Amino acid sequence: MSVKVRFAPSPTGVLHIGSVRTALFNWLFARHNNGKFLLRIEDTDKLRSTKENINSIFEILEWLNINWDEEPVIQSSRLERHKELALELVERGKAYFCYCTPEELASKKELSIKEGRSYKYDRKCRDFKAKRSNIPAAIRLKSEIPGSTIVHDIVQGRVEIENSQLDDLVLLRSDGTPTYMLSVVADDHDMGITHVIRGDDHLTNTFRQIQIYKAFGWDIPQFAHIPLIYGPDGLKLSKRHGASSAQDYRQLGYLPEAISNYLLRLGWSHGDDEIISKSDAIKWFDLNSVGKSPARFDIAKLQNLNAHYIRERSNESLLELIKEFSCKSISEDSKNRILKGMNSLKERARTLKELAQAAEIYISEPLEFEESCKKYASPYHLDLLKEIVEIVENYQQIDEQTLCDRVKVLAKEKNTKLVEIAQSIRGALCGKLVSPSVFEIMEILGKTETIKRLQRYIATFAK
RNA sequence: GUCUCCUUCGUCUAGGGGUCUAGGACACCGCCCUUUCACGGCGGCAACACGGGUUCAAAUCCCGUAGGAGAUGCCA
């Protein structure tokens with residue numbers, strides 16, 4: 001039997017980075033086994049589900065290159081099927097109508113908590129024989145009471161729970177809408193899902209779902225519950241920790257391949273390999289070596305990986321990518337300059353945002369000079385810069401090597417260190433003291449622009 | 001409260017009875033390279049939660065304890 005898995009997000013918000021990892025693991029598992037990866041949108045929570053959220057899920061998966069194999073299943077479109085299924089179970093004596101009102105149940109729950117008992121539905125309506133017409137009723141599963149339910153989870157191993165811990169869960173609400181428990185089981189069955197790979201917050205739900213499978217007499221899929229991702233403080237990663245959705249990281253300037261690589265290594269490993277290409281990931285991925293313990297999200301490691309993948313990208317694609325991170329529009333001239341300087345720029349950037357900022361030196365002259373520049377703007381330094389202006393003016397064209405050699409000679413003549421001159425130039429050209437080689441920048445900027453920036457700097461600090 | 005799961009450097013992890021003086025990666029620190037910052041190279045710091053067993057031998061197996069997480073919805 002060929003493998004069929006699904007990723008089933010609910011569009012009640014932006015895609016959490018943990019969900020992205022679930023999607024990735026499902027996708028990798030499908031591709032590794034030559035199986036199918038399906039998408040199901042669990043939009044039964046009408047109040048919180050939005051069209052925008054659905055679109056952003058598609059968009060982010062496409063961005064990550066996680067492609068799906070069939071038309072996505074929209075869960076809300078299967079409402080009638082779910083309803084029929086619930087009724088069918090009642091007919092077969094595996095489920096029953098429950099006439100308890102939410103208020104009634106809430107007060108019972110409150111009471112048991114007050115008395116220090118653990119709450120469970122008391123199965124009051126379990127043995128009513130016939131449907132009482134005209135009274136709104138929910139449908140509950142007549143769950144097994146004796147014995148225990150066992151899951152042989154690919155990641156978690158054998159997990160057993162006493163059936164007495166489970167109560168008669170609601171399959172169909174009194175308003176006629178199906179609950180999550182019914183919908184997942186029905187949809188996974190109808191879609192022919194062979195392996196359910198999801199977050200381990202669903203592990204305890206699995207026991208309830210297995211009872212539903214049994215009530216229908218359906219085959220039970222294999223389960224793999226992967227650990228959740230936690231924040232640096234060990235708590236479930238959320239908005240409190242800052243960036244928590246895939247969109248957040250995209251906007252921060254992370255590359256999809258860096259995110260995939262990072263997420264894959266979180267909780268999974270292949271010997272000492274750290275940099276793992278998509279094709280190796282597909283080749284190597286297996287659920288058995290997914291760890292059971294939760295992992296903390298470490299932004300520094302993601303940054304390191306991102307820096308690596310930035311260096312691997314072509315200069316052209318990087319230029320394309322930084323456009324949306326640049327606050328300035330980039331002219332054709334600037335594009336050419338950035339492209340020339342990209343090799344040096346991309347070596348220094350950990351994110352596209354940083355890259356875009358660093359590239360600004362080729363877009364326009366510095367709008368302001370950082371405080372640190374003042375150290376290299378003393379009358380002494382300005383005099384040196386005047387010499388540089390003269391030197392540059394004497395060349396027809398300037399190139400990095402010649403310039404570097406010539407300035408080294410100047411340093412010797414003036415009995416000063418090269419760093420003193422270079423840092424003044426850097427400040428004048430970039431407005432800050434961190435950048436690629438100043439001689440490279442001068443060459444790319446060209447004679448006219450270089451002189452212009454140097455003179456503006458001299459004029460600014462001469463007062 | 002009850003149930004379930006987890007616990008190796010700060011973080012992600014390797015390891016599955018002897019090869020562990022516990023390996024790698026990120027981070028951090030130092031040195032080298034060097035016009036700054038990076039890249040790169042070399043080196044360093046740093047962990048088997050605790051307590052009992054089992055065994056000739058335990059990071060590895062068993063039992064407790066502690067800590068952490070998740071689930072306990074007519075949410076998904």
Side-chain angles (χ1 to χ4, degrees), chain A residues 8-12 42-45 47-49 75 98 100-102 105-106 109 112-113 115-121 136-140 151 153 156-157 159-162 164-167 169-175 177-181 183-184 199-205 207-208 225 227-228 230 232 234-236 262 265-275 291-305 307 311 344-350 358 372 376 404 407-408 411 417-427 430 432-439:
Chain A
S10 60
T12 51
E42 308 213 321
D43 61 341
T44 49
D45 186 338
L47 283 170
R48 293 187 298 152
S49 300
Q75 194 163 61
C98 173
C100 301
T101 64
L105 296 172
K109 184 172 184 176
S112 49
I113 288 170
E115 290 173 0
R117 290 179 288 119
S118 69
Y119 172 77
K120 236 169 52 216
Y121 172 60
I139 293 180
R140 283 183 187 269
V151 178
D153 192 283
Q156 305 288 330
V159 186
E160 180 175 3
I161 196 173
E162 298 284 321
S164 58
Q165 292 294 326
L166 273 21
D167 61 4
L169 68 274
V170 172
L171 297 170
L172 203 70
R173 298 187 192 93
S174 46
D175 65 0
T177 60
T179 61
Y180 163 75
M181 292 292 174
S183 311
V184 234
D200 70 3
D201 49 338
H202 287 289
L203 183 61
T204 40
N205 285 336
F207 299 100
R208 294 167 229 280
H225 287 92
L228 263 23
Y230 294 84
L235 264 31
K236 216 171 167 178
Y262 177 68
R265 273 289 288 106
L266 213 55
W268 179 89
S269 65
H270 181 86
D272 285 342
D273 294 303
E274 296 288 343
I275 306 291
K292 285 204 240 182
S293 52
R296 296 182 189 207
F297 197 86
D298 181 18
I299 194 80
K301 189 137 182 174
L302 210 211
Q303 273 176 352
N304 176 273
L305 243 18
R311 277 175 254 132
S344 306
L345 290 174
K346 70 181 180 185
E347 216 163 69
R348 279 150 243 259
R350 290 177 303 179
S372 55
Y376 295 99
C404 182
V407 175
K408 274 178 180 163
K417 283 182 181 155
L418 183 57
V419 60
E420 295 292 325
I421 305 175
Q423 286 296 68
S424 319
I425 299 176
R426 201 183 310 278
C430 310
K432 57 190 178 188
L433 297 183
V434 172
S435 82
S437 156
V438 287
F439 305 113

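Order of the sequence lines sets the chain letters (A, B, ...), proteins ahead of strands, with each chain counted from 1. All values below were derived from every heavy atom in this structure, side-chain atoms included, with hydrogens, water molecules and symmetry-related copies excluded. Note that the structure is predicted; figures quoted are calculated from it, not measured.
The closest donor-acceptor contact from the side chain of Thr12(A) to the backbone of Arg48(A) lies at 3.5 Å or more, if one exists at all. Using modelled atom types, no side-chain atom of Arg173(A) and backbone atom of Ala138(A) make a donor-acceptor pair closer than 3.5 Å. When atom types are taken as modelled, the side chain of Arg426(A) and the backbone of Pro436(A) share a donor-acceptor pair closer than 3.5 angstrom. Here the side chain of Thr179(A) pairs a donor or acceptor atom with the backbone of Leu171(A) at under 3.5 angstrom. Gln75(A) contributes no side-chain N or O that, together with a main-chain N or O of Thr44(A), makes up a donor-acceptor pair within less than 3.5 Å. For the pair Asp153(A) (side chain) and His225(A) (backbone), a donor-acceptor distance under 3.5 Å is present.
Note: CG (Leu418(A)) to C1' (U36(B)) measures 11 Å, nearest angstrom. Ile299(A) places its CD1 atom 17 Å from the P atom of U11(B), with the value rounded to the nearest Å. The separation between Glu162(A) atom CD and C3(B) atom P is 10 Å, rounded to whole Å. Rounded to whole Å, the distance from CG on Leu169(A) to C1' on A76(B) is 14 Å. Between the CG atom of Leu166(A) and the C1' atom of G73(B) there is a distance of 14 Å, given to the nearest Å. Distance, Arg348(A) CZ to A38(B) P: 10 Å, rounded to whole Å. The nearest whole Å value for the distance from the CD atom in Glu347(A) to the C1' atom in A38(B) is 7 Å. If you measure from atom CG of Leu47(A) to atom C1' of G73(B), you get 15 Å, rounded to the nearest angstrom.
Of the C1' atoms belonging to U19(B) and G41(B), the separation is 30 Å, rounded to the nearest Å. Rounded to a whole angstrom, the distance from the C1' atom of C9(B) to that of C48(B) is 10 Å. Comparing the P positions of C31(B) and G68(B) gives a spacing of 41 Å, expressed to the nearest Å. Straight-line distance between the C1' atoms of C26(B) and C20(B): roughly 23 Å, to the nearest whole Å. As rounded to the nearest Å, G16(B) and C39(B) have C1' atoms that lie 39 Å from one another. Across G24(B) and A47(B), the matching C1' atoms stand 14 Å from one another, rounded to whole Å. Rounded to whole Å, the separation between the P atoms of C37(B) and G30(B) comes to 13 Å. Of the P atoms belonging to C42(B) and A27(B), the separation is 16 Å, rounded to the nearest Å.
No contact: Pro227(A) has no heavy atom under 4.0 Å from any strand. Counting non-hydrogen atoms under 4.0 angstrom, Ser10(A) reaches the backbone sugars and phosphates but no base. Residue contacts for Val438(A): at a heavy-atom cut-off of 4.0 Å it reaches a base atom on one of the strands shown. Contact annotation for Phe439(A): base contact, defined as any heavy-atom pair under 4.0 Å involving a base atom. Nucleic acid contact for Ser174(A): base, since at least one base atom lies under 4.0 Å from a heavy atom of the residue. As judged by a 4.0 angstrom heavy-atom cut-off over every strand, Gly267(A) is placed among residues touching the sugar-phosphate backbone only. Backbone-only contact: Glu160(A) has heavy atoms under 4.0 Å from sugar-phosphate atoms and none from a base.
Between His270(A) and Trp268(A), the shortest heavy-atom contact is CB-CH2, 3.7 Å. Shortest non-hydrogen contact noted between Tyr262(A) and Asp298(A) is OH-N, 2.7 Å.
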Does Ile425(A) form a side chain to side chain contact (heavy atoms under 4.5 Å, CB included) with Tyr376(A)? I'd like the steps, not just the answer. CA-CA 9 Å; Ile425(A) 299 176; Tyr376(A) 295 99; over 6 Å; no
If you apply the rule side chain to side chain contact (heavy atoms under 4.5 Å, CB included), what do you find for Asp200(A) with Gln156(A), and how did you get there? CA-CA 9 Å; Asp200(A) 70 3; Gln156(A) 305 288 330; 3.9 Å; yes
Per-nt protein contacts along nucleotides 61-71 of chain B (heavy atom under 4.0 Å; B base, S backbone sugar-phosphate only, - none) come out as --------SBS
In B/S/- notation (B base, S sugar-phosphate only, - none; protein heavy atoms under 4.0 Å), nucleotides 20-34 of chain B written 5' to 3' is ---BBBSS-------
Reading 5' to 3' through nucleotides 40-45 of chain B, protein heavy-atom contacts under 4.0 Å coded B for base, S for sugar-phosphate only, - for none: S-----
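In this structure, C39(B) is classed as syn because its glycosidic torsion stays within 90° of zero.
Taking 4.0 angstrom as the limit, Thr44(A) places a side-chain polar atom (N or O) nearer than this to OP1 or OP2 of A76(B). For the OP1/OP2 pair of C39(B) and a distance below 4.0 Å, the side-chain nitrogens and oxygens of Arg350(A) include no atom meeting the criterion.
For C50(B), the paired nucleotide is G64(B), the pair qualifying as Watson-Crick or G-U wobble because both relevant distances are below 3.5 Å. Figure legend. C3(B) is base-paired to G70(B); pairs are counted as Watson-Crick or G-U wobble with both atom distances under 3.5 Å. Base-pair partner of U11(B): A25(B) (Watson-Crick or G-U wobble, both distances under 3.5 Å). If you check U36(B) for Watson-Crick or wobble pairing at under 3.5 angstrom, you find it has no partner at all. Across every strand in view, U55(B) sits unpaired, with no contact that passes the Watson-Crick or G-U test at under 3.5 angstrom. When both pairing distances are held under 3.5 Å, C42(B) makes a Watson-Crick or G-U pair with G30(B).
Between Ser293(A) and Asp167(A), it is Ser293(A) whose nearest contact on RNA chain B lies nearer the 5' terminus. Between Leu172(A) and Lys292(A), it is Lys292(A) whose nearest contact on RNA chain B lies nearer the 5' terminus.
Nearest to the side chain of Arg140(A), among A38(B), U35(B), C74(B), sits C74(B). Among A76(B), C5(B), C74(B), the nucleotide with an atom closest to any side-chain atom of Ala138(A) is C74(B).
Other residues, nucleotides and ligands contribute only 12 or fewer heavy atoms inside 6.0 Å of the CZ atom of Arg350(A).
One finds the OH atom of Tyr180(A) at 4.0 Å from the NE2 atom of His202(A) (value rounded to the nearest 0.5 Å). Remark: Gln423(A) CD to Cys430(A) SG distance equals 9.5 Å, nearest 0.5 Å.
In this structure the side chain of Leu266(A) never reaches within 4.5 angstrom of the side chain of Lys301(A), judged on heavy atoms. You'll find the side chain of Leu228(A) stays beyond 4.5 Å of the side chain of Pro294(A), heavy atoms only.
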